[in-house]
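None of these values were measured; they are calculated from a predicted model. We use all heavy atoms of the structure for the numbers below, so side chains are in, but hydrogens, waters and symmetry mates are not. Note on naming: letters A, B, ... go to the chains in the order of the sequence lines (proteins, then strands), and numbering restarts at 1 for each one.
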Amino acid sequence: MKIASWNVNSLSVRLEQVIDWLNQSQVDVLCLQELKMETHKFPEEAFKAIGYHAVWSGQKTYNGVAILSRTPLANVQINNPLYDDEQQRLIAADVGTGEQLVRVIGVYCPNGSSLDSDKFIYKMAWFDALNQYVREQLQQYPALVLTGDFNIAPEDRDVHAKYSGDVLISPAERKQFQGLLALGMKDSFRLFEQAEKSFSWWDYRQFGFKRNAGLRIDHLLLSDALANKCTASVIDKAPRANERPSDHTPVIVELAM
DNA sequence: ATGGCGGTGGGGCACCGA
């Protein structure tokens, strides 16, 4: 079973790329972020045509999340029930049944803007509530995936040397990431040996991708039960070389199930 | 230091992202 996540930075612009990538990668589940599209405009038929069910929640211009799956999705949760939020940043659903049941939580975590901003306060509160939700979900679902754009680079090795920002790498944000791991979640990428300077996002400006001036901020976190079944966790850089690429590229886990 | 680039809405250019 392959599960992936991709911040597409506008699904309208990237739909063809997503379809192509699904056909090529053959993942079973794909979480999407930054649809930047109203709910009623979601291209459900385009995904159905290539064999994917979908659940989603959109909004105009900003945010918006979806889960695509080859098998039907059940028990859909839109937004964190523990956090009143107008911004559409979280969607969860069951994939599979019985022994194969996996709970998938797809997230587009707030950016935070700068450490002294109201948006940073929102980011911290949002993560506090996410931690609480994941804690609850783990009690209900031993097989849990938390994936998406976390907007946190967990360690220095997840940050290119010239990065000059403070947000995405601050101790407060990294503490939030560690807080999720403290619940028992594992950063699947670090279960395996990886190339140095592996990133999932590159700045559009200054030839960021060409210079590999990136950050690893898109993650696949697995509960213990799934970490034990994880056989690979990779970043697929290929779509970043497309014409009009998203600034993020997909991340994928393989589970022996 | 600032802005670089790209998407959106709306029909300029400001806002936002990371």
When we call it a touch if two heavy atoms are under 4.0 Å apart, what does [X] touch: a base, just sugar-phosphate, or nothing?
X: Val13(A); answer: sugar-phosphate
X: Asp166(A); answer: nothing
X: His160(A); answer: nothing
X: Tyr108(A); answer: sugar-phosphate
X: Asp218(A); answer: nothing

Quick one: is dG17(B) close enough that its OP1 or OP2 comes under 4.0 Å of any side-chain N or O from Arg205(A)?
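No, outside the criterion.
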
dA18(B) base / Asn111(A) side chain donor-acceptor hit below 3.5 Å
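When only heavy-atom distances are counted, Asn111(A) does reach the base of dA18(B) through a donor-acceptor pair under 3.5 Å.
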
Measure from the side chain of [X], starting at C-beta and using heavy atoms only, and say which of [options] lies closest.
X: Asn151(A); options: dC15(B), dA18(B), dT8(B); result: dA18(B)
X: Gln206(A); options: dG9(B), dG3(B), dA18(B); result: dG3(B)
X: Lys36(A); options: dG7(B), dG3(B), dA18(B); result: dG7(B)

Using the rule side-chain contact (heavy atoms from CB on, under 4.5 Å), only one of Ile3(A), Leu32(A), Leu30(A), Val55(A) pairs with Ile67(A); which is it?
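The residue from Ile3(A), Leu32(A), Leu30(A), Val55(A) that satisfies side-chain contact (heavy atoms from CB on, under 4.5 Å) with Ile67(A) turns out to be Val55(A).
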
Will you find, in the side chains of Asn242(A) and Gln17(A), an N or O donor that is under 3.5 Å from an N or O acceptor?
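The answer is yes; a qualifying pair exists.
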
In whole Å, what separates the C1' atom of dG4(B) from that of dG17(B)?
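Going atom to atom, C1' in each nucleotide, I get 14 Å.
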
Does Asn23(A) CG have over 12 foreign heavy atoms under 6.0 Å away?
yes

Can you tell whether the side chains of Asp187(A) and Arg216(A) come within less than 4.0 Å, N to carboxylate O?
yes

